[in-house]
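Everything quoted here is computed from the prediction, not taken from an experiment. A note on names: the letters A, B, ... follow the listed sequences, proteins ahead of strands, and every chain is numbered from 1.
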Amino acid sequence: MKISIQVNEGPYQHQASDTAYQFAKAAIEKGHEIFRVFFYHDGVNNASRFTLPPQDDRNVINQWAELGIKNADGEPELVVCIAAALRRGMLDESEASKNDINGNNLHPAFRISGLGQLIEAGIKSDRLVVFGD
Amino acid sequence: MKISIQVNEGPYQHQASDTAYQFAKAAIEKGHEIFRVFFYHDGVNNASRFTLPPQDDRNVINQWAELGIKNADGEPELVVCIAAALRRGMLDESEASKNDINGNNLHPAFRISGLGQLIEAGIKSDRLVVFGD
Amino acid sequence: MATKKFMYLNRRSSFGTIYAIESLEVVLIAAAFEQDVSLAFIDDGVYQIVEGQNADGIGMKNFSKTFHALGDYDINKLYVSAESLEERGLSADDLMPLVYEDEDDDWAEKPSIKVVFNVELSKIMSEQDVCLSF
Amino acid sequence: MATKKFMYLNRRSSFGTIYAIESLEVVLIAAAFEQDVSLAFIDDGVYQIVEGQNADGIGMKNFSKTFHALGDYDINKLYVSAESLEERGLSADDLMPLVYEDEDDDWAEKPSIKVVFNVELSKIMSEQDVCLSF
Amino acid sequence: MLHIVNKSSFERNSLKSCLNTIDDTSVMLLIEDGVISAAKNTNAPMIADLAVQGRVYALQGDVEARGISSKLADNIKLVGYAGFVDLVVEHGTAVSWV
Amino acid sequence: MLHIVNKSSFERNSLKSCLNTIDDTSVMLLIEDGVISAAKNTNAPMIADLAVQGRVYALQGDVEARGISSKLADNIKLVGYAGFVDLVVEHGTAVSWV
């Protein structure tokens, strides 16, 4: 079955991203396809390559990255909402240079795109599950 | 009177940072001293220089920066908790280079320091007010 | 693309958190996809569409007027929990007069808001293909 | 520096949010400042010190054992709401046996946890100089 | 003391918990979604006693933002951010029921 | 449908709201702090009817993390993350009461 996931909260502060990851991992292990994970609201903060958790704790960002959720073209299907990302300081190279910001923090396993990707995930997936606060 | 503030949530997702800012501004206008604003938990995300809100919306980060809360040595007293910051991807130049990360996102009006700064704010201020979820 | 029934579930007030405004942003985008769209306002979500919100005093953007645009995008099924209104001392008269023009009825202006009891809401929810929660 | 009375107000359970663990991180740092430290566990905060938490199944760090270290840092006033426990079907026996050694009583081992009714908690709170909420 | 409540009593238990421990000399300030509890509604009786004693304040900007200015329960005192600062100064330790 | 509740019924109103709208054919899954509602406590009666009908599930990892394994109310069915996936697959549309 094709399953998509919406994550509404950032890493560590809430359990939402952890639960969503465990759910995605279990779905893949059972042979389902994770069509897309859409990070919305503070969920965009799950995509930061700057994240440095303590040595003895899990790295929520790397966990997502290691799931390697991609489409047929090899593009990441860990999608960060652009509107939510900009107002929270999550930038890829292109958005940074467009806005004259020196530096960027998007982890390469993620990509930034529009809200249409969430609707599309709802249309093209058999199920969409929301994780939040 | 000497007043300190603890902010537990990031910008935009919750009203906490907005209310804390309005409170701090009003206190300064009334002639009180804001001894320190301590950003803890997701509150550390208020210190990102990457934040790009829509044109017609307030810029929560710049609002804080423009209050210009500093100590007698001219150091910013907008203090970001280092432990909370690292696990959420908020880095200054020093932490970035220490951890071999290319880039950093701390706004120069803020500084990163330890949790002791929160306790010290509680000791040295007449009042400490917490804003959160 | 196939047409699916999408429900947007709104349970929080307008300004305490960003969920209300970012939910509305999704709904506006959703309009372009020509799906069947319903919005549900339950619990404190009913405050999102209360008339007379004024955010000047808190320095935030007042987005409540954007709800008036939904009718132009053929989004005209806004279900409001009767029980949630009543608990909060509110009635349908306290809500914004959101309307749409019905193309099947000579573009007559009709109300978009339908106040429904939980038992009806339950039935509407059970017909949805996708539920996005905010 | 002057000695002040600090209260740490804990009202959420251990793993749903980070407040519990980041509260504990502050408390451990606070110990170095030689202030008068009290912890209050109210509402779902009582679950933070329940015996037998095991976070292996959710892939998170089990920090509850860190509470045992508090006694060594002279943090030994952990007030637990009796009403909050009772609502949750819990009693003092369900909590971790947190203790400290009383230097004024020949280092006798004494319990750090005091189950108190809200009326007592109210009095303790009213004596505080600083209240940090998590 | 000053007790600060920032959540709707319909959504969370923080107002109830605050009322369980507030003492006879403390005042309460409702901010953010906490002001929803200051409107005439089925939860209004929770703070009625305290309000009659003149001990319940609500932040005016938050009241206006939520469209409930004309529906306030009796005896709620409105304050602006400057009034919020005064309450913090006058009432000693501030407790936030976040 | 599958209704997912992730908050404690002591802290928030989400379980109550879910129960207000859940229909006769849907099931409920308690996750994260939602599992607190699956323990024997003063809120347990809220889900007792649904549980008797075998329609209440709780995520085992979250139950163990909160130290309430030995205090579960009657008729709660424990599932792991794989069981969570099965519930999503089997019960159609998922509604999260976040």
D/R12/F/D33 ion pair, N-O < 4.0 Å: no
Side chain, backbone, both or neither of F/E32 within contact of chain D (heavy atoms, under 4.5 Å): neither
Pick whichever of D/D56, D/N62, D/D94 has the most heavy-atom pairs under 4.5 Å with chain F. D/D94
Under 4.5 Å heavy-atom distance to chain D, tell me which part of F/E64 shows up: side chain, backbone, both or neither. both
Relative to chain F, which segment of D/Q48 carries a heavy atom at a distance below 4.5 Å: side chain, backbone, both, or neither? neither
Can any side-chain N or O of D/D129 pair as donor or acceptor with the backbone N or O of D/K5 at less than 3.5 Å? yes
Heavy-atom count check: over 12 atoms from other residues, nucleotides or ligands less than 6.0 Å from D/D105 CG? yes
Looking only at heavy atoms and a cut-off of under 4.5 Å, which of D/T17, D/D44, D/V50 has the most pairs with chain F? D/D44
With chain D, which of F/V63, F/N41, F/I31, F/D62 has the greatest number of heavy-atom pairs at distances under 4.5 Å? F/N41
Of the listed residues (D/G59, D/S13, D/G52), which shares the most heavy-atom pairs with chain F below a 4.5 Å separation? D/S13
Go through it in stages, so that I can follow the logic: the residues are D/D43 and D/S81, the test is side chain to side chain contact (heavy atoms under 4.5 Å, CB included), and I'd like the CA-CA distance, side-chain angles, deciding distance and then a yes or no. CA-CA 8 Å; D/D43 298 329; D/S81 162; over 6 Å; no
Top contributor to chain F interface from D/G57, D/S64, D/S84 [non-hydrogen pairs under 4.5 Å]: D/G57
Ring centre gap for D/F63 and D/F15 strictly below 6.0 Å: yes
Between the side chain of F/S37 and the main-chain N/O of F/S9, is any donor-acceptor distance below 3.5 Å? yes
Against chain D, label F/K71 side chain, backbone, both or neither, depending on which of its atoms sit under 4.5 Å from a heavy atom there. side chain
Please classify the contact of F/I68 with chain D as side chain, backbone, both or neither, using a heavy-atom distance under 4.5 Å. side chain
D/E87, CD: over 12 other non-hydrogen atoms inside 6.0 angstrom: yes
